[in-house]
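The block underneath contains the structure these notes are about, expressed in structure tokens.
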Amino acid sequence: MDDTNGQVVAGGNGEGNRLDQLYGPKDVLIDKETDSLIICDRLNRRVVRWSRRSGTTQGEILIDNIHCYGLAMDDQRYFYISDCTKYEVRRYQIGDKNGTLVAGGNGQGAGLNQLDVPTYIFVDQQQTVYVSDQHNHRVMKWNKGAKEGIVVAGGQDRRNALAQLSNPGGLFVDTLGTIYVADSGNNRVMRWPKGAKQGTVIVGGYGQLSFPLGLSFDRHGNLYVVDEDNHRVQRFSIE
């Protein structure tokens, strides 16, 4: 099997806002129930769904007029969208246009009830929402129904000490509550155990990464990192 070339499954018709186009897509998730892709079509300010069935030539708009960045879906098939100009994260059912506020929504700021450019998000089985609060250089945890969040990584200004983050990006949280975060501005990936005041560097430094952005794990525990400024995706085996 030749896997050196990808297959276009959404868009591919140049940038634009027609239903067969995307413009600056930022995040994607797979809805296994409907065998479709849900895509943050960022520069079109919309979230769209594309069926994965062959013969699909265009998507459908799920949410319009949203400056989306990150997407996540929980076990109940609610999906979550970060809006980086309303400084909030909302939870939606498929077909629901308004959603329910689950993080932020109190304007731009650094208070515990605020966010400043929320980007990537992760949702666990308890519907706890973790948010990369990019311009506050921290990761926030919002328990279900909470009116404010908890700082769980960074938040100590923007530098490269082990207690600090710089423009955090992609997130993954394991069943023990350990947070893995792409510390984009510091060119590293960090691991923050639950309750820890500082993290450890698991990948990065020494010219390995240049502005790592998204991250993901496979079932064997391999870490995949979107190494943005090196224009590649790297795989690492993490002990």
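Owing to the predicted nature of the structure, the values given are computational and were not obtained by experimental measurement.
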(request) Mark yes or no for whether Arg18, through its side chain, and Gln58, through its backbone, hold a donor-acceptor pair below 3.5 Å. (result) no

(message) Quick one: does any side-chain atom of Asn186 pair with a main-chain N or O of Arg159 as donor and acceptor, under 3.5 Å?
(response) yes

(message) Measuring only between side-chain heavy atoms, which start at C-beta, is Asp133 closer than 4.5 Å to Asp116?
(response) yes

(request) Check whether any side-chain N or O of Asp124 sits under 3.5 Å from a backbone N or O of Thr175 as a donor-acceptor pair, and report yes or no. (result) no

(message) Quick check: do Val139 and Lys141 have side-chain heavy atoms less than 4.5 Å from each other?
(response) no

(request) Give a yes or no on whether the backbone of Gly70 and the side-chain of Ser82 come within a donor-acceptor separation of less than 3.5 Å. (result) yes

(message) Quick check against the 3.5 Å criterion: does Arg46 have a side-chain atom that pairs as donor or acceptor with the backbone of Ile61?
(response) no

Name the atoms and distances for all side-chain donor-acceptor pairs under 3.5 Å in residues 162-173, with sequence neighbours left out.
unit_1, atom_1, unit_2, atom_2, d
Gln164, OE1, Ala161, N, 3.1
Gln164, NE2, Gln156, O, 2.7
Ser166, OG, Arg158, NE, 3.1

(request) For Gln114 and Asn106, indicate whether the former's side chain and the latter's backbone hold a donor-acceptor pair under 3.5 Å. (result) yes

(request) State, with a plain yes or no, whether a side-chain heavy atom of Arg77 is found less than 4.5 Å away from one of Thr34. (result) yes

(message) Has Ser184 got a side-chain atom pairing as donor or acceptor with Pro212's backbone, closer than 3.5 angstrom?
(response) yes

(request) Evaluate whether atom NZ of Lys147 has more than 12 neighbouring non-hydrogen atoms of other residues, nucleotides or ligands under 6.0 angstrom away. (result) no

(request) Answer whether the closest heavy-atom distance between the side chains of Asp41 and Tyr23 falls below 4.5 Å. (result) yes

(message) Quick check on the hydrophobic clustering: are Val151 and Tyr180 connected, directly or via other members, by side-chain heavy-atom contacts under 4.5 Å?
(response) no

(message) For a 4.5 angstrom cut-off between non-hydrogen side-chain atoms, does Trp50 reach Ile39?
(response) yes

(message) Under a 3.5 Å distance rule, please check whether Asp74 uses its side chain to pair with a backbone N or O of Val123 as donor and acceptor.
(response) no

(request) Find out if a path of hydrophobic residues (ILVMFWY) with successive side-chain heavy-atom gaps under 4.5 Å connects Val28 to Tyr224. (result) no

(message) Given 3.5 Å as the limit, does a donor-acceptor pair link the side chain of Glu15 with the main chain of Leu43, or not?
(response) no

(request) Under the salt bridge (charged side-chain N to carboxylate O under 4.0 Å, His left out) rule, collect the residues that match up with Asp83, sequence neighbours excluded. (result) none

(request) Using a 4.5 Å cut-off on heavy atoms from C-beta on, say whether the side chain of Tyr78 contacts that of Val102. (result) no

(message) Exactly one of Ile202, Val181, Val203, Asn160 should register a side chain to side chain contact (heavy atoms under 4.5 Å, CB included) with Arg188. Which one does?
(response) Asn160

(message) Has Asn13 got a side-chain atom pairing as donor or acceptor with Asp20's backbone, closer than 3.5 angstrom?
(response) yes

